[in-house]
Amino acid sequence: MSGFIVAAAQYPIDRLSRWEAYAAKLERWVAEAAAGGAALAVFPEYGAMELAALDPATMGDLAGSLHSVAALAPQVDALHAALAQRHGLHILAASLPVRRGDGRFVNRARLFAPNGKVGVQDKLVMTRFEREQWHVSAGGPLHLFETTLGPIGVTICYDSEFPLLARALVESGCELLLVPSCTDSLHGYWRVRIGAQARALEGQLVAVQAPTVGLAEWSPAVDVNRGAAGFYGPPDLGFPEDGVIATGREGEAQWLFAEVDLNRVREARREGAVRPVAHWPEQPGAAPLPAVVRLDLR
């Protein structure tokens, strides 16, 4: 498939009192994405932290919120898998903390295919808040997801600001880069947005950013959320002159829909006015890239 609709969430962090309220919210959001014709719905980084509110005893504590949300991961994933199959679309679930066998917590996004298959992507480079205050650790490796839509990569928020990660995905065949984000200031939003746009330029691909929005003053982890969803391509053949395909209104809870045509990505790489994908190795200091593991979700 070359052309399809993608829905990028500007997702609000709500204070929910029961699991059923979360399930109803997610079901509503996914149904709206499907009704808009989306073949892929992209949720943000740490959107699942709203589940910390289900445990009032720990929701105001950084460490406690990690433990309480991680404990719900199997239920969260089962719900997403069921919704992907029911609505016949791919879902990049909002990332959440997952506790590994060594006791460390990682920040993990999961891509659910409508056929029941699922792949995971951990964040590789942690922000100062994650490493110094929250004690969330780097995970990995990088994964390229082979899907019926095309080859998809994920760089979670801060990861999008590091070009070698996206470049490794590009060299493995990535044509669509998903950038789930969670930023507490417009400075942070613009850092991630500029990173996504730069990766679209360098990799001659489409980058899709999906942020958390709104206030959640009860949560020390995701209390302030600023940002807007966006679709970005290379400013070249087949794409807008500024590379901006679509952007949402900052701070509003909504889906942003746009058509993604991966044939345009392939044409830009072949016939564009510039060919940064092909010419990347010519830059002085081009470095060895991290390994990428291919996962077949078709």
Side-chain angles (χ1 to χ4, degrees), residues 1-10 33 36-42 89-90 92 111 113 142 144-155 159-181 189-190 192-211 227-249 254-283 286 289 292 294 297-298:
M1 180 183 295
S2 61
F4 51 90
I5 300 296
V6 178
Q10 295 184 188
L40 168 63
V42 184
L89 78 169
H90 292 73
L92 184 75
L111 180 61
L142 275 171
L144 179 73
F145 304 110
E146 298 284 3
T147 75
T148 55
L149 303 177
I152 297 174
V154 178
T155 53
D159 282 353
S160 69
E161 299 177 35
F162 295 89
L164 296 186
L165 299 180
R167 176 64 193 186
L169 290 167
V170 167
E171 291 196 1
S172 294
C174 180
E175 296 174 344
L176 175 60
L177 184 67
L178 308 183
V179 184
S181 67
Y189 158 64
W190 277 100
V192 178
R193 172 174 169 170
I194 291 169
Q197 291 184 258
R199 306 297 79 83
L201 168 65
E202 298 159 354
Q204 295 178 283
L205 49 70
V206 175
V208 180
Q209 182 180 1
F231 291 75
Y232 310 109
D236 203 345
L237 182 69
F239 291 93
E241 292 178 340
D242 60 1
V244 178
I245 299 167
T247 56
R249 292 186 179 182
Q254 62 177 42
W255 282 115
L256 178 68
F257 294 89
E259 182 178 3
V260 171
D261 188 343
L262 298 184
N263 276 334
R264 293 180 183 175
V265 169
R266 296 159 196 153
E267 183 180 14
R269 289 177 177 179
R270 289 192 313 269
E271 308 292 344
V274 292
R275 299 183 64 204
V277 169
H279 299 155
W280 177 278
E282 298 179 20
Q283 62 183 313
L289 298 174
V292 173
R294 305 173 78 92
L297 303 188
R298 294 171 291 186

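Keep in mind that what you see is a predicted model, and the values were worked out from it rather than measured.
- At a cut-off of 3.5 Å, with distance as the only test, a side-chain donor of Y232 or R193 sits close to an acceptor on the other residue.
- Crowding of E241 atom CD: a count of heavy atoms from other residues, nucleotides or ligands under 6.0 Å not exceeding 12.
- Side-chain contact between L111 and L40 is present, with at least one heavy-atom pair separated by less than 4.5 Å.
- Note: L177 CG to T155 OG1 = 4.0 Å, rounded to the nearest 0.5 Å.
- Here CG of L149 is found 11.5 Å from CD1 of I5. Values are rounded to the nearest 0.5 Å.
- Taking 4.5 Å as the limit, some side-chain heavy atom of L205 sits within range of a side-chain heavy atom of R269.
- To the nearest 0.5 angstrom, L178 atom CG is 12.0 Å from S160 atom OG.
- Taking each heavy atom of F239 and G233 in turn, the nearest pair found is CD2-CA, 4.0 Å.
- In terms of heavy atoms, P235 sits closest to G243 at CB-N, 3.9 Å.
- By the neighbour-count criterion of 12 heavy atoms within 6.0 Å, atom CZ of R167 is densely surrounded, having more than that number from other residues, nucleotides or ligands.
- The two atoms that bring A41 and L89 nearest to each other are CB-CD1, 4.0 Å, heavy atoms only.
- In this structure, the side chains of V292 and E171 stay at 4.5 Å or more apart for every pair of heavy atoms.
- In this structure the side chain of T247 never reaches within 4.5 angstrom of the side chain of Q209, judged on heavy atoms.
- Residues F145 and L92 are not in side-chain contact: their nearest non-hydrogen atoms beyond the backbone lie 4.5 Å or more apart.
- Nearest heavy atom pair, residue G203 against residue V170, reads CA-CG2, 3.9 Å.
- Here the CG-CZ distance, from D159 to R199, works out to 11.0 Å after rounding to the nearest 0.5 Å.
- The shortest non-hydrogen separation linking F257 to G36 is CE2-CA, 3.7 Å.
- For the pair Q204 (side chain) and V277 (backbone), a donor-acceptor distance under 3.5 Å is present.
- Side-chain atoms of Q10 come within 3.5 Å of backbone atoms of A229 as a donor-acceptor pair (strictly under, hydrogens ignored).
- In terms of heavy-atom proximity, L169 sits nearest to G153 at CD1-CA, 4.1 Å.
- Side-chain atoms of V206 and V6, non-hydrogen and from C-beta on, never get closer than 4.5 Å to each other.
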